[in-house]
A.B. asks: 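First the structure, then my questions, so here it is.
Proteins come first, then strands; the chains are lettered A, B, ... in the order of their sequence lines, and each starts at number 1.
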Amino acid sequence: MTDGHLYQAVLGVTACLLLASALMASVRIVRGPTAADRVVALDMLSILGTAAAGMAALISGAIAFVDVALVVALVGFLATVAFAGFIERASIQGDGE
Amino acid sequence: MFLITGLCLLAGALLCCLAAVGILRLPDVFMRLHAATKAGVVGGGLILIGVAIHDGGALTTAKVGVAITFLLLTTPVAGHFLGRAAYVSGAPFWQGTTINQLESVITRRHFGAVRGQESSAVTSPDAEQIPAAAVSKVLIALAEGPHMDAAIDQAIVLAQQHDAELCGIAIIDIPGLSNVGPVPIGAGHHAAGLRKWRIAKARCTVADVIERLEWKAKDSGLRWSVRIEEGKPHAIVRGLQEPGCLMAVAPGGWFDQGVLESKVPVARRLVDSGISPIFILGTTPADEVRRIHFSHDGSQRSLKTWRRLMEANPWPQARFVIGVTPGCEHLSIDHLLRVARDQGHRADPGSAEADCEDYVVIGNAGSRGWWPEWLNRSMPANDEKILAIG
C-alpha cells in the first residue's frame, strides 16, 4: 500500500468519525431535555462544521475552504452566546411571575 | 509529511468523536458542556493543523493560526456563558452532585421536577392555604437603616407575645455592592478596590447591627439566634421561609447596609420576588396603631396574609377594617371576619380606600397591576403607613 492510498484511507476514516460525531450531537439536540443541552450540542455541531470545512480543503485542494472554517467558527460562537443570553433572560423573566 | 498530517487528522477526529460521545452519554448539561468545549476545541484545532501542515503555504498557515486562536479564545467564553445560562434556568444536576458553590449567590429557577431530587432555593411562594401554624419564629432582617433599632425592639416584644424564637438574619448584598456601574478600560483595578472597600464597610456595619441585636436579645431572655449570609438577598430570605416563621423587616434600610445610601422600599422589593407576607416594623410604636385598613382582593395570597396577620398581630391595640379592592366588590368577606373572630380581634367591613389616618396592610401586592391604585393617589410613596404586604 502506497503513501497515497494510506492517506486516502485516513481521510475516509476521519470523515466517517466526524459524521458519526455530528449524528451523536444531533441526537442530543433532539432529546434535550433542557434548552441548554440543545445549545451545547449545537455548539459542538459548529465546531464539527469548522473541522469539516478543513477536511473539505484537504479533499478538494481548494484552500478557500479554510476561510469557510474561520467564518463557521465565528458564527458558531456568536450563535452560542446569543442562545445563552436568550435562555438566561427568559428564565429571569419567568422567575418574576 | 503525509504521516504527520494523517496523525493530526486521525487524532482530531477521534477527539471530536469522544466529545460527541460525551455529549450523548454524560448525565447532565454541565458535564456535557465540559466534554464539548474541551475535546471539541482540541479536536477541531488538530484537524485544522493537519490542513496547514499538508498545504504548507504561508497564507494557509496564517489563516489556520487565526482560526485556531479564535477557537481557543471564544470557546471558553461561550462555555462559561452557556453554563451560567443553564444554571440560572435551573437545568437539573446529576444526582451525584453534592457541592453547589453558587447556591444563594445566583438565583436559580425551579426547573419542572425532571429528576425529582434536585435541591433548589425556590419554594413555591403561593402555596395555597398554609396550615394555621402559630408563630414559632420571628425572623427579622438586619439591615442598617433609620428604623432598625425600633424594629428590633418591636420584634422582641412580638417574639415574647408568641413565646417564639427570635432569629436575626444579617445579609450582605454582594451583587448590589459589587455593581460599580460601567468600568472604563484601564480602571479595573480601581473598580475592584471600590468593590472590596464597599463589602468591607458593609461587613463592619453588619457587625455593629448584630451587636445591638445581641444586647437587646440577651436582656429579653428570649431564645434567639443570628445568621450572617452574603449573597443575593432574595434567594437567601426565600430559603429561610418556613411555616410558623414570621418575616419582619425595618423600612429604609436595604442589605447594602447603608453603604450605597440607596433608598429602597425593602418590603416591596422582597415581596416582588415572591416572599409573602412581610411585616414592616419600627416605623410607629406598636400601641399607637389604632386602625388598620386591610386591602383585600379575594385571592388566596390575600387570604394567607390576613390569616398571618390575625395569628401574629403585632399591633394589639388596633381594630381592623377590611376594604375590598375596587372591581372585586362582589366578594364575600364573611370568611375573613370569621377568622378574625376566632382569633379574638375586632374587624369590620369598610370602604375600598383607606383614610389618611389609617395604617394599611396590603393583602396581595401582585394584584391590580402590582400596587393598589388608590394607594398611590391618596398617600403617594408614604411607606411609613404601610404595616405589612402580602
A.B. asks: Run the side chain to side chain contact (heavy atoms under 4.5 Å, CB included) check on B:C16 and A:L18 step by step: do they pass?
C.D. replies: CA-CA 7 Å; B:C16 277; A:L18 287 183; 4.0 Å; yes
A.B. asks: Using a 4.5 angstrom heavy-atom cutoff, name the option from A:L58, A:T50, A:L48 with the most pairs to chain B.
C.D. replies: A:L58
A.B. asks: So, using salt bridge (Lys or Arg N to Asp or Glu O under 4.0 Å) as the criterion, who are the partners of B:D55 when residues are at least two apart?
C.D. replies: none
A.B. asks: Which residue out of A:V27, A:L78, A:L70, A:V13 racks up the most heavy-atom pairs below 4.5 Å with chain B?
C.D. replies: A:L70
A.B. asks: I'd like to verify something: which residue of A:T80, A:V81, A:L23 has the highest number of heavy-atom pairs under 4.5 Å with chain B?
C.D. replies: A:V81
A.B. asks: Taking A:A20, A:A25, A:A51 one by one, which has the highest count of heavy-atom pairs under 4.5 Å against chain B?
C.D. replies: A:A51
A.B. asks: So which heavy atom on B:R25 is nearest to which on A:R28, and how close?
C.D. replies: N-NH2, 4.4 Å
A.B. asks: If every non-hydrogen atom of A:V40 is compared with every non-hydrogen atom of B:A36, which pair is closest and at what distance?
C.D. replies: CG1-CB, 3.9 Å
A.B. asks: Could you tell me which non-hydrogen atom of A:A36 sits nearest to which non-hydrogen atom of B:A86, and how far apart they are?
C.D. replies: CB-CB, 3.5 Å
A.B. asks: Just how far is it from atom CG of A:D37 to atom CG of B:D28, taken to the nearest 0.5 Å?
C.D. replies: 8.0 Å
A.B. asks: For A:M24 and B:I23, run side chain to side chain contact (heavy atoms under 4.5 Å, CB included): C-alpha distance rounded to whole Å, both residues' side-chain angles, the deciding distance at 0.1 Å, then the answer.
C.D. replies: CA-CA 8 Å; A:M24 285 189 266; B:I23 285 189; over 6 Å; no
A.B. asks: Checking heavy atoms, do the side chain of B:L71, its backbone, both or neither come under 4.5 Å from chain A?
C.D. replies: side chain
A.B. asks: Quick one, B:Y87 and A:E88 - any side-chain contact, counting heavy atoms below 4.5 Å?
C.D. replies: no
A.B. asks: Heavy atom to heavy atom, less than 4.5 Å: which residues from residues 60-67 of chain A reach chain B?
C.D. replies: A:I63, A:V66, A:D67
A.B. asks: Which atoms of B:L46 come close to chain A, meaning under 4.5 Å heavy atom to heavy atom: side chain ones, backbone ones, both, or neither?
C.D. replies: neither
A.B. asks: State, yes or no, whether a side-chain contact exists between B:S89 and A:T34 at a heavy-atom distance under 4.5 Å.
C.D. replies: no
A.B. asks: What part of B:F81 lies closer than 4.5 angstrom to a heavy atom of chain A: side chain, backbone, both or neither?
C.D. replies: both
A.B. asks: List the atom of B:G40, the atom of A:I47, and the distance in Å for their closest heavy-atom pair.
C.D. replies: O-CG2, 3.3 Å
A.B. asks: Is it the backbone or the side chain of A:A73 that comes under 4.5 Å from a heavy atom of chain B, or both, or neither?
C.D. replies: both
A.B. asks: Looking only at heavy atoms, which two atoms of B:A85 and A:I87 are closest? And how far apart?
C.D. replies: O-CG2, 3.9 Å
A.B. asks: More than 12 non-hydrogen atoms from neighbouring residues, nucleotides or ligands closer than 6.0 Å to CZ on A:F77, yes or no?
C.D. replies: yes
A.B. asks: Do A:M44 and B:T37 come close enough that some side-chain heavy atom pair is under 4.5 Å?
C.D. replies: no
A.B. asks: To the nearest 0.5 angstrom, please state how far the CG atom of B:L14 sits from the OG1 atom of A:T14.
C.D. replies: 8.0 Å
A.B. asks: Using a cut-off of under 4.5 Å on heavy-atom pairs, state which of A:V71, A:V72, A:L74, A:V10 scores highest against chain B.
C.D. replies: A:L74
A.B. asks: Under a 4.5 Å heavy-atom cut-off, does chain A meet the side chain of B:L48, its backbone, both or neither?
C.D. replies: side chain
